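Please read the structure below before turning to the comments.
The model shown is predicted, which means the values in this text are computed figures rather than measured ones.
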Amino acid sequence: MQNIGSLTREKIYIQPQTSPKEAKKAEPSQKAQFNRNEILLGSLSAIGLIGLSAVIISQRGRLNKLTSEIEKLKKAPHNTNQIINTEKQEEKLLSYEILPLEKTALYKDFADAKTSFLDFIATTKESASKVKEFLFGITSNSQNAAKFIEEIIKNPRETTHNLNILKEKSGGIKNLTEWLQATGGYQEAYNKYIKEKAPSMTIDEMLKLSPNWHLYILEKKMKKLAFGELPKEFQALGDYTHFVKWLASMRHEYRKGEKLIKEYSGHYMEIEPMKTGLSGKYPLKIQFIDKETHSPKSKPYILKIQEHCGCENNPFAKESIAYRSDSVFINAQLDYYLNLHNCKNTTKFHYFDYESNSGLYDFVNGETCVNTQNILLGNNLVKDLNLLGIHYNDVCATNLVKDGETYKIIDIGDSSFIDPLRPGVKGLQFEVPNWCGISAPNYAMLLKQ
C-alpha cells in the first residue's frame, strides 16, 4: 500500500522527531514558496480549462506551453471577471495534545449532534485545531477508532471525498498527514483494527476490503487456497486443479492463432492460445462445444496459467513467482476486489486456484482502440477503477479495450493500489509490485479526482 507520502511528493510533510506525550508547538509562519505545479493546477481549476487527467505536468516542455495557454485564457473576454490567485498561503502546522475523546473540546457538541463521526466533522464550524484534537481523540482509543474506521472505509469510492473533508477541517495537508501517520493517529489505529479483525474474516471479506493480502494469510483460511466461484461448466469436469495441470502439460502444443479440439472427462472444448505477455503467464481461450457439430455449448472463458519454470515442487520458489509483478495470484486479488465492488472497468473474474496457479475469467471480445501508453490518458478512461483505489500503469492497446461504451482492463497486473484510509498493515499485506518502469503515484493520481 502506498502511504500518503508517495501521493504528494512535493507537498509531503516529514514529521519532526518529538515526544508523542507532549503537546506540539506550532511552527511560525513562513513566506509562501513558489510552486509552479500548484499554480498551474490552481489556474486550470479556476479557469475550467482542463482536468489534470488530460495533461502530464511533470513532463519537460509541457509546463511552459500550458502556462502560456493559461495566460491567453486570462486575457480572454469571458475570463475578465475571474481572478487567479497564484500565491498560496503557507499552511500552519497546528499543535495538538492527545486526549481521551471525552475530554476533547468538540466532544460535547458531537454527543449532542447524535450523528456519525464523519458527518459531525464535515459540518462543524469549529477551528481546525479543535478538529485535529478531536481526530486524535478518536484514533487513540481502539473502540472509538474501530467505529470511525468502519464508517470512513464503508464505501471505497468515497475515499477522495472523505480525505478532502478531513484535509479541509483539520487545517490542510500537513495536519492531515500528521494525523494519518503520527503515534496515536490513523495508521496506528488501522493496524490494530485489521490485526484484530482479520482472523475472523472470510477470504471474500478480506479481498473486498483490499487487494493486497499476503499469500500465507489467505492460506490460513483453508487447506487448499482458492477463491471465487467456478462456473457450472468447469464444476462438471470434476477435479479442477487436475484439469488445469492437464492443460499445462500440453504447453508445447499451443500456437497463437491455432485452435485445438480436446476432450476431457467426456467434455469437448475448443482451446485457443492467446497472446502471451512478458510476465510469466499464458492465457487460453476455452469454449465448450458439441461433440458432433462443434457448435458452442457455453460462452468463452479465459484461463490464465502461471509458468512454473520447473519450481512446481518447491513451495518457496512457487511463492516467489506468486509475488512477481503481474502474476496470476496478484491479478486474481486485484480483479476479484474490483468484481466484489461491481467495477465496470474490469472483466468478470470467476476463480483462482493456487495449487494449479491459475485464474479463470470471462472472455471479453472488446475493441482494441486505445493508441496511447500515457498512463494519465489511459486512467482517464477507467475512472470507476480509479475511484476504487486502483491506478493502472501498463497502459497499452492490448491491455485496455472498449466493450460497448465501456473501457475495460483485461490484464490488471502492474497496477498500484492507493488509499491512505486503507493503508498497508505490516505482516498482513504487501505493496503491489509494478515492473512497468512508470508509475501512477508519481503523478499524484489521487489528487486529480
Side-chain angles (χ1 to χ4, degrees), residues 1-13 37-38 40-42 44-46 48 50-57 91 116-123 128 131-132 135 139 148-181 185-187 190 208-212 334 337-338 340-346 375-393 407 409 415-424 432 439-449:
M1 167 66 70
Q2 296 283 346
N3 61 34
I4 196 168
S6 63
L7 304 183
T8 55
R9 290 175 180 255
E10 295 186 358
K11 301 178 183 178
I12 188 67
Y13 164 68
N37 282 359
E38 290 185 0
L40 176 59
L41 293 180
L44 291 173
S45 176
I50 191 171
L52 174 58
S53 59
V55 296
I56 304 180
I57 61 173
E91 179 187 331
S116 67
F117 285 116
L118 188 60
D119 284 346
F120 173 74
I121 293 168
T123 56
V131 172
K132 187 174 179 181
L135 286 170
T139 53
F148 177 78
I149 290 167
E150 288 174 359
E151 174 190 329
I152 205 165
I153 67 173
K154 185 177 181 180
N155 183 357
R157 289 180 174 90
E158 293 294 319
T159 286
T160 302
H161 173 71
N162 293 340
L163 282 172
N164 283 334
I165 290 174
L166 295 172
K167 180 177 70 172
E168 176 189 353
K169 295 297 183 175
S170 65
I173 190 65
K174 288 183 181 180
N175 289 288
L176 172 62
T177 302
E178 185 167 47
W179 169 70
L180 285 171
Q181 297 183 339
Y186 187 84
Q187 172 87 51
Y190 188 83
K208 189 172 184 179
L209 177 67
S210 57
N212 56 339
L334 290 166
Y337 162 78
L338 292 168
L340 289 170
H341 288 284
N342 298 311
C343 179
K344 64 183 180 181
N345 300 129
T346 189
I375 60 174
L376 289 179
L377 294 177
N379 276 271
N380 197 44
L381 301 175
V382 288
K383 294 299 296 177
D384 193 40
L385 183 126
N386 292 166
L387 288 173
L388 289 164
I390 306 297
H391 297 276
Y392 195 51
N393 298 313
Y407 287 92
I409 294 175
S415 294
S416 297
F417 176 52
I418 309 169
D419 191 337
L421 297 180
R422 289 176 294 162
V432 179
S439 175
N442 290 340
Y443 295 113
M445 294 284 290
L446 189 65
L447 300 181
K448 77 179 179 65
Q449 297 179 25

Distance (rounded to the nearest 0.5 Å) between [X] [atom1] and [Y] [atom2]:
X: Asn164; Y: Ile173; atom1: CG; atom2: CD1; result: 9.0 Å
X: His391; Y: Leu385; atom1: NE2; atom2: CG; result: 8.0 Å
X: Asp384; Y: Lys344; atom1: CG; atom2: NZ; result: 5.5 Å
X: Ile165; Y: Thr160; atom1: CD1; atom2: OG1; result: 11.5 Å
X: Phe417; Y: Leu388; atom1: CZ; atom2: CG; result: 9.0 Å
X: Ser416; Y: Asn212; atom1: OG; atom2: CG; result: 11.5 Å

What heavy-atom pair brings [X] and [Y] nearest, and what distance separates the two atoms?
X: Lys169; Y: Val131; value: O-CB, 3.3 Å
X: Cys343; Y: Thr346; value: O-CG2, 3.5 Å
X: Pro156; Y: Lys154; value: CD-O, 3.6 Å
X: Thr123; Y: Asp119; value: OG1-O, 2.8 Å
X: His341; Y: Arg157; value: O-NH2, 2.8 Å

Lys132: salt bridge (charged side-chain N to carboxylate O under 4.0 Å, His left out) partners, not counting sequence neighbours: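 Salt bridge (charged side-chain N to carboxylate O under 4.0 Å, His left out) check on Lys132 returns Glu178.
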Do [X] and [Y] have side-chain heavy atoms sitting under 4.5 Å apart?
X: Pro420; Y: Leu163; value: yes
X: Ile409; Y: Asn345; value: no
X: Pro211; Y: Ile390; value: yes
X: Asn386; Y: Lys383; value: yes

Any residue meeting ring pair (Phe, Tyr, Trp, His ring centres under 6.0 Å) with Phe120, in chain and number order, not counting sequence neighbours: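 With neighbours one apart ignored, the set is Phe110, Phe134.
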Ring pair (Phe, Tyr, Trp, His ring centres under 6.0 Å) involving Tyr392 - partner list, sequence neighbours excluded: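 In terms of ring pair (Phe, Tyr, Trp, His ring centres under 6.0 Å), with neighbours along the sequence ignored, Tyr392 is linked to no residue.
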Taking [X] for its side chain and [Y] for its backbone only, find out whether a donor-acceptor pair lies under 3.5 Å.
X: Asn380; Y: Leu376; result: no
X: Gln187; Y: Pro423; result: no
X: Arg422; Y: Leu209; result: yes

Listed by chain and number, what are the side-chain contact (heavy atoms from CB on, under 4.5 Å) partners of [X], not counting sequence neighbours?
X: Ser170; answer: Leu135, Asn175, Leu176
X: Ile152; answer: Leu118, Phe148, Asn162, Leu166, Tyr186, Leu421
X: Glu168; answer: none

